[in-house]
Amino acid sequence: MKRTPRKILILLVLLALGAVAWHFGLFRAGDCLIQGGRWNGDAGFCRLDSLARPAE
């Protein structure tokens, strides 16, 4: 029986991890945190504190 190349197995694992992250909304949460906001996991929205501050 021929062995599966290691690169294909690594690619399949990365795709599986990406699908799990996509399902749980981790990409949106990461984008929110990078922009300086707070991610509300219960309601699924990002609260950007920079927009809540009054203009100077």
Discussion item. Tell me which pairs pass disulfide bond (SG atoms under 2.5 Å apart) where either residue lies in residues 7-42, with sequence neighbours left out.
Written reply: C32-C46
Worksheet entry | Side-chain hydrophobic cluster, 4.5 Å single linkage: members besides L33 | none
Worksheet entry | side chain to side chain contact (heavy atoms under 4.5 Å, CB included) against L14, all qualifying residues, sequence neighbours excluded | I10
Response to the item:
Residues pairing under salt bridge (Lys or Arg N to Asp or Glu O under 4.0 Å) where one sits in residues 11-38, two or more places apart or in two chains, turn out to be R38-D49
Response to the item:
Here the gap from L12 atom CG to L15 atom CG, rounded to the nearest 0.5 Å, amounts to 6.5 Å
Discussion item. Restricting to side chain to side chain contact (heavy atoms under 4.5 Å, CB included), what partner residues turn up for L26, sequence neighbours left out?
Written reply: A21, F24
